[in-house]
Novice: 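Got a structure for you, questions after.
For reference, positions follow the sequence shown, starting with 1.
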Amino acid sequence: MQKTILTIGSSLVIAAFAPFALANQLYVDGSVGIADAELGRFETDDTFLRLGAGVAFSEELSLEAGFWDFGSASQQGVRVSADALFGAVKASTSIGNNLTLYGRLGLLRWDVDVSGPTFFEDDDGHDLIFGGGIGFPVGPGQVGVEIHFADLDEVDLRTIGVSYTLPIDI
């Protein structure tokens, strides 16, 4: 019995840390920009902030996770705010002249609050997010300009922003 528990326990530890053992690079990543949301006739925008960390397995492929605050905005007495936890796969390729083209496909675990003078609605769920951008080296990291799209149930969301990726030596 102890041998079985030890085997299962060690297998779980190996599975949890295997991505780090296979990683070529760890990095932190952040982005700021404008999030544009549409809910029926209601359309508004606000500043968003994305913070994350990633594990690069090669120059072309990495996994990322983090938090995305899409901001909040009001229009005609209606206020919408949204945030999410995310996990994503990021694929990159060099296109010459120190430029890198990248795409991101991930899953959001989101929460949207919509309120007005006589109502409040809190909705959450899981949805895909996709997008990409172009980056170039600045200092030890990379600056990127990127755009992303998501559909959070009835809220269509688009972001355009500037990101900075900073590698962490391992």
Novice: Does Tyr164 reach the main-chain N or O of Val138 with its side chain, forming a donor-acceptor pair under 3.5 Å?
Specialist: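 Looks like yes, one N/O pair under 3.5 Å.
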Novice: Are the side chains of Arg50 and Asp29 in touch, meaning some heavy atoms are under 4.5 Å apart?
Specialist: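 They are in contact (side-chain heavy atoms under 4.5 Å apart), so the answer is yes.
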Novice: Below 4.5 Å, heavy atoms only, C-beta onward: do Asp127 and Asp151 meet side chain to side chain?
Specialist: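 With C-beta onward as the side chain, the pair stays apart.
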Novice: Please examine the side chains of Tyr27 and Gln142, heavy atoms only from C-beta on, and report whether any two atoms are closer than 4.5 Å.
Specialist: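 Not touching, per the 4.5 Å side-chain cut-off.
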Novice: Sub-3.5 Å donor-acceptor pair from the side chain of Gln25 to the main-chain atoms of Ile168, do we have one?
Specialist: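 Side chain of Gln25 to backbone of Ile168: a pair is present.
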Novice: In Å, rounded to the nearest 0.5 Å, how long is the span from CG of Leu128 to CG of Leu107?
Specialist: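 Rounded to the nearest 0.5 Å, the CG-CG separation comes to 6.5 Å.
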Novice: For residues Ile134 and Phe136, determine if any side-chain heavy atom of one lies less than 4.5 Å from a side-chain heavy atom of the other.
Specialist: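 They are not in side-chain contact.
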Novice: Only one of Phe70, Tyr102, Trp68 passes ring pair (Phe, Tyr, Trp, His ring centres under 6.0 Å) with His148; say which it is.
Specialist: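 Of all the options given, the one that passes is Trp68.
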Novice: Could you walk me through whether Leu63 and Val89 satisfy the side-chain contact (heavy atoms from CB on, under 4.5 Å) test, starting with their C-alpha distance in whole Å, then the side-chain angles of each, then the deciding distance to 0.1 Å, before giving a yes or no?
Specialist: CA-CA 5 Å; Leu63 295 177; Val89 174; 3.6 Å; yes
Novice: Are the side chain of Ser31 and the backbone of Val162 linked by a donor-acceptor contact shorter than 3.5 Å?
Specialist: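 At least one qualifying donor-acceptor pair exists.
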Novice: Go through it in stages, so that I can follow the logic: the residues are Arg79 and Asp113, the test is side-chain contact (heavy atoms from CB on, under 4.5 Å), and I'd like the CA-CA distance, side-chain angles, deciding distance and then a yes or no.
Specialist: CA-CA 8 Å; Arg79 182 174 188 264; Asp113 296 328; 5.9 Å; no
Novice: Heavy atoms, side chains only, cut-off 4.5 Å: are Val114 and Phe119 in contact?
Specialist: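 In contact.
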Novice: For Asp124, look at atom CG and say whether over 12 heavy atoms of other residues, nucleotides or ligands are found less than 6.0 Å away.
Specialist: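 Atom CG in Asp124 is packed in, count exceeds 12.
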Novice: Has Glu60 got more than 12 heavy atoms of other residues, nucleotides or ligands less than 6.0 Å from its CD?
Specialist: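 Yes - once you tally the heavy atoms of other residues, nucleotides and ligands closer than 6.0 Å, there are more than 12.
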Novice: Before accepting this row, confirm whether a basic side-chain N of the pair Asp45/Arg158 lies closer than 4.0 Å to the acidic partner's carboxylate O.
Specialist: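 No, no charged N to carboxylate O under 4.0 Å.
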